Trainee: 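Provided herewith is a single structure, encoded as structure tokens, for subsequent inquiry.
When reading the values below, keep in mind they use all heavy atoms of this one structure, side chains included, and skip hydrogens, waters and symmetry mates. From a predicted model like this one, the values you see are computed outputs, not experimental measurements.
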Amino acid sequence: FVIEAFTAANNSTVNASFKAYIVGSNGIEQPQIPFKTVVWGRVVLGIGIVNQIIPANGTLRLESSALNSIYFTVTGREV
């Protein structure tokens with residue numbers, strides 16, 4: 001799976017940060033966006049993660065600093 005687009009929208013009333021990792025089937029995390037702040041009411045494009053490949057049986061893992069603050073949209077295609 002290759003990531004073609006990634007957005008992080010902060011619909012809350014507080015600034016929040018997030019981290020994004022690609023996790024291989026072996027459980028090893030590869031940081032793609034180690035730390036990014038999204039100001040409330042704004043949208044951030046995940047430039048550093050676009051065109052990255054999630055390997056077979058791997059996952060994309062996202063962490064947010066504030067519950068229900070950042071909403072992620074990820075699109076891609078099978079390779």
Trainee: Could I get the full list of side-chain hydrogen bond (donor to acceptor under 3.5 Å, both in side chains) partners for Arg61, not counting sequence neighbours?
Mentor: Glu29, Glu63
Trainee: With side chain to side chain contact (heavy atoms under 4.5 Å, CB included) as the criterion, how do Leu60 and Val74 come out once you've worked through the C-alpha distance, each side chain's angles and the decisive distance to 0.1 Å?
Mentor: CA-CA 10 Å; Leu60 175 62; Val74 181; 3.9 Å; yes
Trainee: Begin from the C-alpha positions of Tyr71 and Asn11 and carry the test side chain to side chain contact (heavy atoms under 4.5 Å, CB included) through to its verdict.
Mentor: CA-CA 8 Å; Tyr71 296 89; Asn11 296 328; 3.4 Å; yes
Trainee: Ignoring hydrogens, what is the shortest heavy-atom contact between Asn10 and Ala16? Give both atom names and the distance.
Mentor: ND2-N, 3.6 Å
Trainee: Under a 4.5 Å cut-off applied to non-hydrogen side-chain atoms, are Ile53 and Phe1 in contact?
Mentor: no
Trainee: For Phe72, which residues count as a side chain to side chain contact (heavy atoms under 4.5 Å, CB included) partner, sequence neighbours excluded?
Mentor: Phe6, Ala8, Phe18, Leu62, Ile70
Trainee: Can you name the closest pair of heavy atoms from Ala5 and Val50 and give their distance?
Mentor: CA-CG2, 4.3 Å
Trainee: Is there a side-chain contact between Pro55 and Ile22 (heavy atoms, below 4.5 Å)?
Mentor: yes
Trainee: Does Asn57 CG have over 12 foreign heavy atoms under 6.0 Å away?
Mentor: no
Trainee: Do side-chain atoms of Gln30 reach the backbone of Ile28 as a donor and acceptor pair under 3.5 angstrom?
Mentor: no
Trainee: Nearest 0.5 angstrom please: Lys36 NZ to Ile49 CD1, how far?
Mentor: 13.0 Å
Trainee: Is the side chain of Ser65 donor-acceptor paired with the backbone N or O of Ser17 at a distance under 3.5 Å, no angle test?
Mentor: yes
Trainee: Among all residues two or more places apart in sequence or in another chain, which pass the side chain to side chain contact (heavy atoms under 4.5 Å, CB included) test with Val43?
Mentor: Thr7, Ala9
Trainee: How far apart are the closest heavy atoms of Val44 and Thr37, and which atoms are they?
Mentor: CG2-O, 4.3 Å
Trainee: Assess whether side chain to side chain contact (heavy atoms under 4.5 Å, CB included) is satisfied between Ile54 and Ile3, documenting all intermediate values.
Mentor: CA-CA 8 Å; Ile54 299 174; Ile3 298 169; 4.0 Å; yes
